[in-house]
Every structure is written in structure tokens, then in C-alpha cells.
Amino acid sequence: MKSRLIAKATLLLTTRLNDSIDSPRPLSLSEYHQFAAWLDAKGLTFADMLDGDAGDFLRPHPAAERIRNLLERSCDVDSLLAHWQRMGIWVIGERQPGFPTRLRRRLKTACLPLLFGAGPMDALDRGGLCVVGSRDCTAEASRFAETVGERAGKQGVVVISSDMRGVDRGVISATLAAGGSVIGVLSDSLEKAAASRRYRTALAAGRATLITPFAPDIRFAVANAMRANRYQYGLSDAAIVVETRQSGGIWSGAEENRKQRWVPAFVRAGENVCPGNSALLHLGLVPITQREIENSADLAALLVTRASSPPAPKSQGSPRPDLYSIFLAELARLDRSISGSEESVARHFGIELPQARAWLARATHENA
């Protein structure tokens, strides 16, 4: 009972309901974590905020009135919880005991206050393989994703991805078609996904868990999609980037995982890969090819072996691409409004201004 009260109080404090324009603004992520720390220091929990004595507890807090007003929306949240329950959607607060430990440990204060889901919640702490890639992917990337999904499904490797079209939806579909299990991390429309024909059978069989840190009826937003990317890495044991540009959500997710060192990450290598994949290789991601996946009798064992073994050095006779060559290839594709400004180039590539200036000067000299 107390656990459910934590989820209810967290909803009231952090989520917009059927609010009017003059309703109090829900707590932001930083305000939520500050308030949680304040409760901890006083030996209180979010469940205590629904106690009749909450007003006394809150009196010393600087935002006491705003918090009390948020908590008074109890009737609205009760009807919402009942609606989600009828749809098979559960909700758990970040402060509840059953919240996925991987997410809490890895994301820390970047972890949003709530997690909504459909399907088995206990699947979220079992790990799996995160597979991500572009929405407008090449045929080679699509074939690679489907091969990974088929192998994973047949060999009992849980696949973690999103419901975005392209690579992500392709690997999810292939895994389910092969009889495997998936975790879908969504940035929007959990209500629609949970009721869709695509997931209906797998949800009923316990082979799919769909989750989102956002309200189940929320619409798509780029910022939310980028936030959701870290949840895919946070739940996994390893990750494969099938295809990426050098900007956008897939790239930023791979970069964040690389810097935070959450899980070992691979990137599709071989013929006809895009510059973004090549750039990730030079940043230290481990190459993996279509042939390696196809020839592997044990996908999990292959990833463990490749992650623990550095790639073989290139022969002296083979060309050795460098970051500058990748920079040139991408620069040629950029709009003049970006490539004509040192500051814009630095922002696009995520590099320091002196590095952008040096590479642009070199390119100008070589083409003079």
C-alpha cells in the first residue's frame, strides 16, 4: 500500500493532469530531486505527503504552499490511475523499492521521477542487448538489424530498442518473429503502442515490456526522444549502433554511453557504412560486421569475446582513415550556412573551436 502511495504522490508532484492555466506548476526534475533529498533528511517519504499531517511536515519547506496545492489534485490522479490500469499500464516511482536498479544506479539524477509501462516489470533488471540506429536507414543497416534480431530471438538474448521506424522497429520485429523477448523504450504514445496489434500477442505472452519515463498519452518531441535514449543503454548489458549521423539522438546517446561507460558498445563496420559509424570507430567503439553476426553460433558469446579483445591492427598496406578524413566527408554534405562559419562547424561536430579552425584552414590550404 505504501509503495502505491509513493507512485501516486510522485504523479501529483511532477505531472500535469487536467490542470487549468492558473494551476501550480509541477516540480521540475531538479526540484523533484531537491525535494526528495529534503524528505530523506527529515526521515520522510513521498507516501507521507498523502498523510493527513502533511501540512505540518511541509511547513518548513520554502515551496510548501505550491506542494500542498499540487497534492490536492488527488481525485484527478485516482481516475487517471484507474484508466491506465484498465489499459494494462502500470506506473512506478523512482523512489519505490521495485524501480529498476540499473536505471537508478546508472542515470542517477538524470533519472526521471516516474516510469510507466506495460508487460512484465521484472524483465527490466535482467539486462539485454541495446540496438539503435537511424529512422531513414540504408538497406544494409536494415538487413543487419534484422539479422541481429533474428539471432537474438532464437538464442534467448533480450533486445532493447525503441519503437521508431527504421533500425529500431526492424530489430524489435525480427526478435519477436523469432520467438524472442524485447524491451521497447518509448518517448511517446505508450497508450497507443500497448493497444497496437504489433505488440498485442507479445505483451499477452510476457515476451514484451514497453516502458516510457513520460506520460502514456504524451506526443512526440525530439527532446524526449533524446532523453529516452539513455534508458535503452541504462537497461542493457551491451549495445550495437547500427547506423548514425554525426548529430542527433543516436549519436548523442552513443556519446553519452561512451563517456559514462555504462556498457560496452559496438558499431556496424564493413562496406558502405556512413561517416557517423566511422567516427564512432575512431572514438573507440568496437567494430562488428554482418558476416560476424551471421556466422556466430552464440551472439552473446561473440559480443563478450569482441568486447574483451581489441581489433587487430591494420596491415601497413591498407589505408588508415583518420578523423580529419571523416570531417572532410561530412563537411562536403553540410549546408553553406553551417560550413561557412567556424563556430557553426564546431557546434555541428561537437569539437572545440580551435580544432574546427585548424581543420578548416587545412582543408582550405589543400584545395587552394
Side-chain angles (χ1 to χ4, degrees), residues 94 99-112 115 117 121-134 141 144-145 147-149 151-153 155-164 167-168 171-172 175 180-187 209-213 225-244 248-269 276-277 279-289 292-293 296 298-311:
E94 182 264 341
F99 192 88
T101 56
R102 288 169 181 250
L103 293 180
R104 188 185 286 117
R105 184 178 71 247
R106 289 174 173 173
L107 303 190
K108 300 181 173 63
T109 56
C111 196
L112 297 179
L115 194 66
M121 190 189 300
D122 60 2
L124 300 178
D125 265 327
R126 296 177 186 170
L129 174 62
C130 167
V131 183
V132 295
S134 301
F144 181 96
T147 302
V148 172
R151 290 291 191 277
Q155 296 171 17
V157 176
V158 176
V159 163
I160 302 168
S161 194
S162 81
D163 192 45
M164 297 287 190
V167 165
D168 295 27
V171 73
I172 289 277
T175 304
S181 298
V182 302
I183 296 172
V185 180
L186 313 181
S187 58
T209 300
L210 305 178
I211 63 163
T212 181
M226 295 180 76
R227 272 180 158 180
N229 284 336
R230 58 170 61 110
Y231 279 70
Q232 298 175 56
Y233 288 96
L235 290 169
S236 66
D237 297 310
I240 298 178
V241 179
V242 179
E243 187 170 84
T244 181
I250 304 302
W251 175 270
S252 64
E255 264 289 83
E256 186 172 19
N257 176 67
R258 184 179 71 86
K259 292 174 180 176
Q260 297 294 336
R261 299 183 179 181
W262 288 325
V263 297
F266 303 80
V267 60
R268 181 175 67 91
N277 287 39
L280 287 179
L281 287 172
H282 284 274
L283 290 173
L285 271 68
V286 181
I288 194 163
T289 66
E292 285 179 299
I293 299 293
S296 170
D298 187 329
L299 178 59
L302 169 67
L303 297 178
V304 170
T305 302
R306 296 286 284 106
S308 58
S309 310

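Computed from a prediction, not measured in an experiment: that's the story for all the values here. Residue numbers start at 1 and run along the sequence shown.
- Residues satisfying the salt bridge (Lys or Arg N to Asp or Glu O under 4.0 Å) criterion with Glu255, sequence neighbours excluded, are Arg258, Lys259.
- Every residue two or more places apart in sequence or in another chain that forms a side-chain contact (heavy atoms from CB on, under 4.5 Å) with Ile250 is listed here: Val132, Val241, Thr244.
- The nearest pair of heavy atoms linking Leu235 to Ile160 is O-CD1, 3.7 Å.
- Nearest heavy atoms, Ala152 versus Val159: CB-CG2, 3.5 Å.
- Gln260 is linked by a side chain to side chain donor-acceptor pair (under 3.5 Å) to nothing, counting only residues two or more places apart in sequence or in another chain.
- Cys111 approaches Glu94 most closely through the heavy-atom pair SG-CG, 4.1 Å.
- Expressed to the nearest 0.5 Å, how far CD of Gln232 lies from CG of Leu186 amounts to 9.5 Å.
- The closest side-chain heavy-atom distance from Ile211 to Thr209 is below 4.5 Å.
- For Asp237, the salt bridge (Lys or Arg N to Asp or Glu O under 4.0 Å) partners at least two apart in sequence or on another chain are Arg102.
- Remark: Ala300 engages Val157, Asp298 in a side-chain contact (heavy atoms from CB on, under 4.5 Å) (not counting sequence neighbours).
- For Glu243, the side chain to side chain donor-acceptor pair (under 3.5 Å) partners two or more places apart in sequence, or in a different chain, are Thr138, Arg268.
- Remark: Arg230 engages Glu256 in a side chain to side chain donor-acceptor pair (under 3.5 Å) (not counting sequence neighbours).
- The backbone N or O of Tyr233 lies less than 3.5 Å from a partner atom in the side chain of Ser236, making a donor-acceptor pair.
- Under the rule for a side chain to side chain donor-acceptor pair (under 3.5 Å), Thr305 has no partner lying at least two apart in sequence or in another chain.
- Although no hydrogens or angles enter the test, the distance criterion places a donor-acceptor pair under 3.5 Å between the side chain of Ser161 and the main chain of Val131.
- Glu292 is linked by a side-chain contact (heavy atoms from CB on, under 4.5 Å) to Ile288, Thr289, Leu302, Arg306, counting only residues two or more places apart in sequence or in another chain.
- For Arg106, the salt bridge (Lys or Arg N to Asp or Glu O under 4.0 Å) test picks out no residue, with sequence neighbours left out.
- Minimum interatomic distance between Ser181 and Thr175 (heavy atoms only, all atoms of both residues): O-CG2, 3.7 Å.
- A side-chain donor-acceptor contact under 3.5 Å links Asn229 to the backbone of Gly249.
- Here the closest heavy-atom approach between residue Phe266 and residue Ala238 is recorded as CE1-CB, 4.4 Å.
- Taking Asp122 as the reference, Arg126 meet the salt bridge (Lys or Arg N to Asp or Glu O under 4.0 Å) condition, with sequence neighbours excluded.
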Stepwise side chain to side chain contact (heavy atoms under 4.5 Å, CB included) test for Leu129 and Leu299 = CA-CA 10 Å; Leu129 174 62; Leu299 178 59; 4.1 Å; yes

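- Rounded to the nearest 0.5 Å, atoms CG (Leu115) and CG (Leu103) are 6.5 Å apart.
- Leu281 meets the side-chain contact (heavy atoms from CB on, under 4.5 Å) test with Val267, Ala269, Pro287; sequence neighbours excluded.
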